[in-house]
Amino acid sequence: MIEFNATFIIAMLSFVVFIMIMNAIFYQPVLNIIRKREEYINSNYEESTKNDKTAKDLDESRNTQINATQAKCRKDFYTAVNKLQENSAGKIKEAKENNKTIIQTEKDRLLKEEMELQQKLQGSVVEDLANSITEKLLNNNQVQVKQ
């Protein structure tokens, strides 16, 4: 069986003293280092979680601002396009009316010129015809007189 003698008690006391010395020299500093490391890791984790939340909030805010700016730009663009289309439609209509007026004026002027030319031509045709007839008559008379 198990004997309990002085050697056993001395070994036990040596072991307890060894544990106390190890606790003071080795375990306590190592546990302090582990605790500090855990505190450092936990504080970094909390800070990173806070920073991650802040980054997400900033990203959402940026996306909201981008979408609002894009919507405003689209609205401004369509408004400007509509104004330009209205202006161009008005200018096209005005140009068509001006062109119609100019065309009508030119038509009237050309008709007037045509009438004047026809009158001149009629007068000159009649005159040429009269001259031609007169020449023929005179030529006929001169030919008869010579014979």
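Here the structure is a predicted model, which is why all the values come from computation and not from measurement. Values below: all heavy atoms of this structure, side chains included; hydrogens, waters and symmetry mates excluded.
- Atom CD of residue Gln65 and atom CG of residue Asn63 lie 9.5 Å apart, to the nearest 0.5 angstrom.
- Closest approach of Ala24 to Pro29, counting heavy atoms only: O-CD, 3.8 Å.
- Residue Ile103 holds its CD1 atom at 9.5 Å from CD of Glu106, rounded to the nearest 0.5 Å.
- Phe77 and Ile66 fall into different hydrophobic clusters, defined by Ile, Leu, Val, Met, Phe, Trp and Tyr side-chain heavy atoms under 4.5 Å apart, directly or through other members.
- The distance from atom CG of Asp52 to atom CG of Asp57, rounded to the nearest 0.5 Å, is 9.5 Å.
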Exercise for review: List the steps, then state whether salt bridge (Lys or Arg N to Asp or Glu O under 4.0 Å) holds for Glu47 with Lys50.
Suggested key: CA-CA 5 Å; Glu47 188 177 332; Lys50 227 188 296 182; over 6 Å; no
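- Met115 CE to Lys112 NZ: the interatomic distance, rounded to the nearest 0.5 Å, is 10.5 Å.
- Separating the CD1 atom in Ile9 from the CE atom in Met12 is a distance of 7.5 Å, to the nearest 0.5 Å.
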Exercise for review: Evaluate side chain to side chain donor-acceptor pair (under 3.5 Å) for Glu86 paired with Asn82, printing each intermediate quantity in order.
Suggested key: CA-CA 6 Å; Glu86 288 173 5; Asn82 287 338; over 6 Å; no
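- Using a cutoff of 4.0 Å between basic side-chain nitrogens and carboxylate oxygens, Glu38 and Arg35 are not scored as salt-bridged.
- There is no path of hydrophobic side-chain contacts, each under 4.5 Å, that joins Met20 to Phe26.
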**Study point:** Stepwise side-chain contact (heavy atoms from CB on, under 4.5 Å) check, Lys75 with Lys72
**Key:** CA-CA 5 Å; Lys75 181 182 175 187; Lys72 184 181 180 293; 5.6 Å; no
Check your understanding: After noting the C-alpha distance and the side-chain angles of Thr49 and Lys53, does the key distance pass the side-chain contact (heavy atoms from CB on, under 4.5 Å) rule?
Key -> CA-CA 6 Å; Thr49 305; Lys53 185 180 182 301; 5.9 Å; no
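- Criterion: ILVMFWY side-chain heavy atoms under 4.5 Å apart, direct or through other members. Under it, Tyr27 and Phe18 are part of a common hydrophobic cluster.
- Note that NZ of Lys96 and CD1 of Ile92 are 7.0 Å apart. Values are rounded to the nearest 0.5 Å.
- Other residues, nucleotides and ligands contribute at most 12 non-hydrogen atoms within 6.0 Å of the CZ atom of Arg37.
- Contact annotation: the side chain of Glu94 approaches that of Asn98 to within less than 4.5 Å [non-hydrogen atoms, C-beta and beyond].
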Point to revise | Chi angles and distances behind the side-chain contact (heavy atoms from CB on, under 4.5 Å) call for Lys83, Thr79 | key: CA-CA 6 Å; Lys83 283 183 182 179; Thr79 302; 4.1 Å; yes
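- A salt bridge is defined here as a Lys NZ or Arg NE, NH1 or NH2 lying under 4.0 Å from an Asp or Glu carboxylate O, and Asp59 with Lys56 fails to meet this definition.
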Check your understanding: Are Leu111 and Glu114 close enough, and set up right, to give a side-chain contact (heavy atoms from CB on, under 4.5 Å), and what steps lead you there?
Key -> CA-CA 5 Å; Leu111 282 174; Glu114 180 184 11; 3.6 Å; yes
